[in-house]
Amino acid sequence: MKFGYTIIYVPDVAASLEFFSRAFGFSLRFLHESGQYGELATGETTLAFAQQELAGSHFAGGVLTAHASAQPLGVEIALVTTDIDAAHQLALEYGASELAAPGQKPWGQTVSYLRCPDGTLVELCTPMV
C-alpha cells in the first residue's frame with residue numbers, strides 16, 4: 001500500500017490552485033480542460049482539488065465543504081518548511097486567515113495553523129528531528 005494523493009473538494013478549483021501556488025510555491029502539475037480537477041506538484045504525494053459538485057457524482061449527498069463551515073474541518077494538510085515565519089506571513093498576504101501563529105511545540109517542532117480562502121486547514125511545520 002502507498003499513499004497516493006489527497007483531493008480537496010472546493011468551490012473554485014482554479015482559485016485554490018492559484019492560492020496554493022502563490023502562497024506556498026507549488027507549481028501546477030495538471031488542470032483538466034473542464035476546470036473541475038487540478039493537481040499541484042508537491043513532491044512524492046499529490047495534492048489535488050476537485051469541484052465540490054463532483055463529490056455528488058461519486059457518492060450520494062456530496063460532502064461537507066470546508067469553506068461552508070464556520071470552524072475548520074477536522075482534517076489538515078501539513079506543509080513542511082524550515083522557515084515557518086516567512087511561509088506563514090506569505091500565506092497571510094495571499095488571503096489565508098491565521099488560526100495560530102508560529103510557535104514551538106513540546107517535541108521541538110515549530111508549527112503554525114492557517115485557514116486558506118477555500119476553507120482548507122493548513123499546518124506549516126518544521127521537519128521532525
Side-chain angles (χ1 to χ4, degrees):
M1 189 75 65
K2 177 182 171 184
F3 183 66
Y5 49 87
T6 296
I7 299 174
I8 302 171
Y9 291 97
V10 296
D12 186 336
V13 171
S16 292
L17 291 168
E18 182 176 347
F19 171 79
F20 273 77
S21 294
R22 297 178 112 196
F24 304 120
F26 296 122
S27 60
L28 179 67
R29 184 161 98 181
F30 171 77
L31 177 59
H32 187 268
E33 63 188 28
S34 68
Q36 294 186 325
Y37 178 82
E39 299 176 350
L40 295 170
T42 59
E44 188 174 324
T45 304
T46 300
L47 178 59
F49 298 89
Q51 199 70 32
Q52 64 192 26
E53 289 81 13
L54 283 178
S57 70
H58 299 311
F59 30 87
V63 296
L64 174 63
T65 56
H67 79 279
S69 174
Q71 291 181 287
L73 298 181
V75 176
E76 67 183 55
I77 302 298
L79 303 177
V80 181
T81 181
T82 55
D83 192 348
I84 296 291
D85 293 326
H88 186 88
Q89 186 58 42
L90 188 59
L92 293 175
E93 289 172 17
Y94 282 109
S97 301
E98 181 177 81
L99 297 177
Q104 187 90 17
K105 296 296 183 183
W107 53 89
Q109 197 176 30
T110 302
V111 174
S112 75
Y113 292 95
L114 301 158
R115 192 161 183 200
C116 301
D118 64 15
T120 303
L121 175 60
V122 170
E123 172 188 335
L124 297 178
C125 59
T126 55
M128 290 293 290
V129 197

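- Counting only heavy atoms from C-beta outward, the side chains of T46 and E39 approach each other to under 4.5 Å.
- Between the side chains of T120 and D118, at least one donor N or O lies within less than 3.5 Å of an accepting N or O.
- Linking Ile, Leu, Val, Met, Phe, Trp and Tyr whenever their side-chain heavy atoms come within less than 4.5 Å leaves L121 and V63 in two separate clusters.
- In this structure, the side chain of R29 does not engage the main chain of A48 through any donor-acceptor pair within 3.5 Å.
- Placement of Y5 and F30 within a single hydrophobic cluster is found when ILVMFWY residues are connected by side-chain heavy-atom separations under 4.5 Å, directly or transitively.
- Atom NE2 of H67 sits about 10.0 Å away from atom CZ of R115, to the nearest 0.5 Å.
- The main-chain N or O of T110 is never found under 3.5 Å from a side-chain atom of Q104 such that the two would form a donor-acceptor pair.
- Within the model, atoms NZ of K2 and CD of E44 stand 5.0 Å from one another, a figure rounded to the nearest 0.5 Å.
- Side-chain N or O atoms of S34 include one that pairs as donor or acceptor with a backbone N or O of Q36 at under 3.5 Å.
- Here L47 contributes atom CG and T45 contributes atom OG1; the two are 10.0 Å apart, rounded to the nearest 0.5 Å.
- In this structure, CD on Q52 lies 10.5 Å from CG on L64, to the nearest 0.5 angstrom.
- Heavy atoms only, all atoms of each residue included: P117 and G95 are closest at CG-O, 3.6 Å.
- Closest non-hydrogen pair, A91 versus A23, comes out as CA-CB, 3.9 Å.
- Not a single donor-acceptor pair under 3.5 Å links the side chain of E98 to the backbone N or O of Y113.
- The nearest pair of heavy atoms linking S21 to L28 is OG-N, 4.4 Å.
- Between F49 and Y9, the ring centre distance reaches or exceeds 6.0 Å.
- Both I84 and F26 are assigned to one and the same hydrophobic cluster, defined by single-linkage of ILVMFWY side chains at heavy-atom distances under 4.5 Å.
- At least one side-chain heavy atom of V122 sits less than 4.5 Å from a side-chain heavy atom of L79.
- Taking 4.5 Å as the limit, some side-chain heavy atom of T6 sits within range of a side-chain heavy atom of I77.
- A distance-only check finds no donor-acceptor pair linking the side chain of S27 to the backbone of A41 [under 3.5 Å].
- When all heavy atoms of S112 and A101 are compared, the closest pair comes out as CB-C, 3.9 Å.
- Hydrophobic cluster membership differs between L73 and L114, with clusters built from Ile, Leu, Val, Met, Phe, Trp and Tyr side chains linked at under 4.5 angstrom.
- With ring centers used as reference points, F24 lies 6.0 Å or more from Y94.
- Shown here is E93, whose CD atom has more than 12 heavy atoms of other residues, nucleotides or ligands within 6.0 Å.
- The neighbour count for F59 CZ, taken as heavy atoms of other residues, nucleotides or ligands under 6.0 Å away, is above 12.
- No side-chain heavy atom of V80 sits less than 4.5 Å from a side-chain heavy atom of T126.
- Closest non-hydrogen pair, S97 versus L92, comes out as C-CD2, 4.0 Å.
- Side-chain atoms of D85 and H88, non-hydrogen and from C-beta on, never get closer than 4.5 Å to each other.
- Side chain of S57 to main chain of L54: a donor-acceptor pair is present (N/O by atom type, distance under 3.5 Å, no hydrogens or angles).
- Distance OG1/T81 to CG/L124: 7.5 Å, rounded to 0.5 Å.
- In this structure, the separation between OG1 on T65 and CD1 on I8 is 12.0 Å, given to the nearest 0.5 Å.
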